[in-house]
Each structure stands twice: as C-alpha cells, then as structure tokens.
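I have placed the structure first, in the form of structure tokens, so that the comments after it can refer back to it.
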Amino acid sequence: MSSYVLLDLSTRELVAGAATFLAVLLYFSRSTSDRSKNLPPGPRGLPILGNWLSLPSSAGNPWEVYKQWSRQYGSDILHLNAFGTDLIIVNSHKAASTLLERKSALYSERPRMTMINELINLNWHFGFMNHGDTWRTHRKIFAQHFNPTATIGLRSQTTKWNNVFLNNILNSPKDFFTHIQHMASGHSLEATFGLQVQPSGKADPFIGAATEAIQALRSAGLFGSYLVDYLPFLKYIPFGSFQKDAAQWKVSTDIAVTVPFNLVKDAMSKGGVEMTSMASRLLENGTFNENDIRKTTSAAFANGSAATVSAIQTFFLAMLLYPDVPKRAQTELDKIVQGRLPDFSDEASLPYISALVKEVLRWNPAVPLAFPHQLTQDDTYESYHLPAGSVVIPNAWAMLQDTSIYGPDTTVFNPSRFLKPDGSLDHSVKDPDFTWGFGRRVCPGKHFAESVMYLVVATTLAAFDISSEERPSGEYTSGLIRYPKPFECVIKPRTEAYREMITSLSEQ
Ligand code: HEM
C-alpha cells in the first residue's frame, strides 16, 4: 500500500512538473510573439528568466523602483516578464482609471498565487478568490454588514473600542503599538463574531491568530514574493524556507477560519447568544449557506485589523514628525468640542481632522501596490498591447505621490492640501481613494476603516499631547501591507479634566 502511494505521488509530481515546464515554455513562446505587438516599455529581460533577476525585491520598496522606471521609460505603464508571466505595472491615475476602473470587468480577476492560494490555503478568503460567483456572494454578504449604513450601526461599538484604546494609552502609553492592534482586532472580532479578547498586552488566541494571518498576507500577498508563484511546480519540493513559512501560516489561518465561527455556532446551539454579530445574524437569517458565512466572516475578521493598524501607526508617526499638525488640529478641536471628547456628530464641524485622516491615508499608504489584479482578455492602452493573463500591479503609492493631483511636496505630511484657504474642505482635491484599491475589488471595509480612523484621530488629539524624545526614523517595513518600524512616543493627557474623563470611561 505504502509503495503504491509513493509511486502514485512521484508519478503525480513528475506529471505536474512536466506540465508546468510545458506551461512555462508555452507562456514564454507566447510572450515572445507578444513582444512583436508593442508591449509597454520596461527593462530588457533575459531568455526564460525574463526580468526576474532585476525585479525589485518585495522586501525593499518595489513601488519606488516602479515609479522611477516609469520616469526612465517615459511611460505610465510598464511591462515586465518573469518566467513567462507578464506583469503590467500601472503607475498613474489616468491608466488606473482607464483600465482598472472603466474596464473593471476585464481587470477584476486575481492571479493564482501558489503560496497564498495553495500552500497557505487562503483560498477561502474572497480577497484571493477568482472573480466568479462565490466571490460575488461573499462580497454581497460582506457589504450587507460593512456598507455605509451598516457602519453607522456599528458606531456605538466603534466608540466602545475607542474608549478602551484611550484608556489603555492613558495607563501604559509606551505600549501604544500593542494597544492599536488590540483595539483593531478586538473591534473586528466583536463585529464579526461577537467574541471578546483578553485585555491589551495579555496573550490572546484570537489576536494571535489574526496577527499571524496578517503576517502571511503581508509577506506572501505581493505576487512573486515567493518564487513558487512563478514556478508552481516548486510546491512539490517538500522542504525549503517557503514550505516552513507556509506550514506555520497555514496553522494560524486555519484557526482564523474555523475557531471563532465554531464558537459562535456552539453558543447559538446552546441558546442565549445576542444576535448582534455578523456571524450570528447571518446564521439566524438563513439566506446564505453556512460555508459562505464562515468564510466571509473569517475574511472580515482577518482583514479587519490588518491595514487599519498600519494607518493608525502612521497617524502617530506623522504627529511626531510634523508637530505643527497636532497643534493646529487641537486648536480646531478646542474651539468645537470645548473640553469634551469629540464624537461622530462633530465630524462635519472638524474639517482639519477630516483633512488629517485623508493625509494619513495618502502620505504613507498601508497597501502601496493594492492587491494584484489579473487581465482576463487581450487589451490595449494607448498604442500598447496588454496580453491576456497579465498580472496587473497598481502602484497606488505612485498615484498618491502624484504632484499633479495633490500639489507640491507630496512627501511632506500636510493636511492643508485638502483644504481651501478659508479652512473648509476643498472638494476639488481628489480624495486619496487609490489607498482603497481599484474597480470591483475596491476595499469593501473602507467605510468601517474610515469611521475608526476618524474617531481615533479626533479623540486622541483632543485628549493627548503626543511627542517623542528621539525623532523617529520614519522607516517602514515592506510587503503587501506595510507598517512603520517601531518607534517611541510620549503620550500625555492634555489636561487633568481629560485624564479624569478617560479614566471614567473604563468604569462605564
Ligand atoms: C486603512 C484601512 C484599510 C486599507 C488602506 C485597505 C486597503 C485595501 C486594498 C488596497 C485592497 C485591495 C483592493 C484591490 O484589489 O484593488 C483591500 C481589499 C480588501 N479589504 Fe481592505 N483596507 C483597509 C481596511 C479594511 C477593513 C477594516 C476590512 C474589513 C472589515 C477590509 C477588508 C478587505 C477585504 C475583504 C478585501 C478584499 C476585497 C476583494 O478582493 O474583493 N479592509 N483593502
């Protein structure tokens, strides 16, 4: 029996290896014929390897290299090739809106990433699913719970978690990175499953699973971060650091997609569960099948904290690097809220705070290359031929740094770029929408994330002064989702009244 299994396995491996080799040859011969069809410019490649050796490392800042190549080759889109896979890099707003937005039917597929889809087995997550019926169903389920109206319904929960956060930074300000993750994971776990996490700083299995799942997304989510994305037959090699990484992340992502959901189901079967979470309401309602509910709620939980944590960390970083910004924000806050904590009803009266949130999302976007898209049919852009099957990488970072859209000095953190001289919001300046991605795949959690961001920014600045003994480096990690490298912050209540107000929040 065992020799049969062994024989069968190696036969399968051989066949799969040979098939992949043929596929590489086919791809390569096709891309050779494509070359005569006026592909967008890009660095010259080598036979078979294509541009693989010169591709910017996903551990560096590939978005900066793509922008620089765009200038060098005088084109807002670039063509690259690695092992027969065509890559189209979209560097401008004009190209993104022509291709990814206006022709979103052609550009909404996700490329199959062997590391993410197979080895880590994140296939259940609709962010990495084919653009088909199951994806549509999951988006629909998700939208019911995170659309603008549903997000308003979540405001009391958002306020509760924000209060927990304010209290935590009052009590142990040095641990603000931990508190940010705690708030974002705790809030998304409660919204999706109605479950609670341990207090900030204590080991928590859900926060642990969420942070590991995020680690998988950030490390493997850029197409080609792992060679196995280009050469899928490598997945049959049973050793190597990629297999080790995948095995570790698979454990955590499997936990994320099973454990919280099963807890909700068990609790419901025993009765006495409040039907306020996304999972319990969907199960109770019975419109969608259980598997779709499980996967969609788990995707919401896994993604619920990932990029929001980065954006809130960026907010703290910007306050340290640009100390005039919190001062101006506090002048506005003091005038409007006069010593209380701002809430959602104040948002329309706080244009500088709204501009500040926009600038956080623009200045150092959490997801600089969006998620990779895939083109499903041959297409053209200006005179260029774009081959079907190309992996399309939108350079959101380059678009958010575009001085023709956001004015001069786009590397500087300056909320005033979104304001008119009289201090009101200037609606003629484009919102930093590229931060949410493109076309049909645009982030469906954006309303929820914006609501969390507004409250964190407004209340933190109203109640606290943020400073540092040492200027932070301002450096970021790399990957699909990037985070500021750890930095230190001194966070102190601005007045005794604010200290008491925040202390009293923990007693409510
Ligand atoms: C500041 C916070 C956030 C940022 C910057 C962000 C950004 C993004 C980006 C760039 C994409 C890829 C879009 C594309 O493929 O073109 C995305 C997808 C996604 N985001 Fe967010 N996101 C944030 C918060 C959230 C939150 C809070 C949730 C959940 C509650 C969420 C759930 C998702 C999901 C499920 C997808 C996959 C959508 C699909 O493929 O159809 N995101 N997000």
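Everything numeric here is computed off the predicted structure, so don't read it as measured data. In listed order, ligands and their atoms are each counted from 1. Hydrogens, waters and symmetry mates play no part in the numbers below; they use all other heavy atoms, side chains included.
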Revision key, fill the gap. For atom 16 (O) of ligand 1, the closest protein heavy atom turns out to be H373 NE2, 2.8 Å

Point to revise | No-hydrogen, no-angle side-chain donor-acceptor test under 3.5 Å, R218 and S478 | key: no

Practice item. Starting from atom 35 (C) of ligand 1, locate the nearest protein heavy atom and write down its residue, its atom name and how far away it is, to 0.1 Å. Key: F126 CZ, 3.4 Å

Exercise for review: Classify the side-chain pair T114/Y226 by whether it contains a donor and acceptor separated by less than 3.5 Å.
Suggested key: no

Check your understanding: Can you list the ligand 1 atoms lying under 4.0 Å from a non-hydrogen atom of R110?
Key -> 14 (C), 15 (O), 39 (C), 40 (O)

Check your understanding: Taking only residues two or more places apart in sequence, or in another chain, which ones meet K265 in a salt bridge (Lys or Arg N to Asp or Glu O under 4.0 Å)?
Key -> E290

Review point. Judging by distance only, is a nitrogen or oxygen of H125 under 3.5 angstrom from one on ligand 1?
Key: no

Check your understanding: Is there a donor-acceptor contact under 3.5 Å linking the side chains of R482 and N364?
Key -> yes

Study note, to complete from the structure: side-chain contact (heavy atoms from CB on, under 4.5 Å) with M183: of V309, N168, I312, only one passes, and it is I312

Exercise for review: Just need the protein heavy atom nearest to atom 38 (C) of ligand 1, so name the residue and atom and give the distance.
Suggested key: R139 NH1, 3.4 Å

Check your understanding: Relative to the ring of F434, is the ring of Y406 parallel (under 30°), tilted (30 to 60°) or perpendicular (over 60°)?
Key -> perpendicular

Point to revise | Pair S280, S277: side-chain N/O donor-acceptor within cut-off below 3.5 Å | key: yes

Point to revise | H179-F176 aromatic ring centre distance below 6.0 Å | key: no

Exercise for review: Indicate whether the side chain of S108 and that of H373 have a donor and an acceptor atom separated by less than 3.5 Å.
Suggested key: no

Revision key, fill the gap. heavy-atom search around atom 27 (C) of ligand 1 in the protein gives G304 O, 3.4 Å

Review point. Around atom CD of E382, are there more than 12 heavy atoms of other residues, nucleotides or ligands at under 6.0 Å?
Key: yes

Check your understanding: Closer than 2.8 Å to atom 21 (Fe) of ligand 1, how many protein N/O/S atoms do you count?
Key -> 1

Point to revise | Identity and distance of the protein heavy atom lying nearest atom 5 (C) of ligand 1 | key: T435 O, 3.7 Å

Practice item. Check whether any N or O atom of F438, backbone or side chain, sits under 3.5 Å from an N or O atom of ligand 1, and answer yes or no. Key: yes

Exercise for review: Decide whether H385 and D379 meet the rule of one side-chain donor and one side-chain acceptor closer than 3.5 Å.
Suggested key: no

Review point. Out of Y107, F142, F448, whose heavy atom sits nearest atom 29 (C) of ligand 1?
Key: F142

Exercise for review: Provide, to 0.1 Å, the distance between atom 13 (C) of ligand 1 and the closest protein heavy atom, together with that atom's residue and name.
Suggested key: R441 O, 3.2 Å

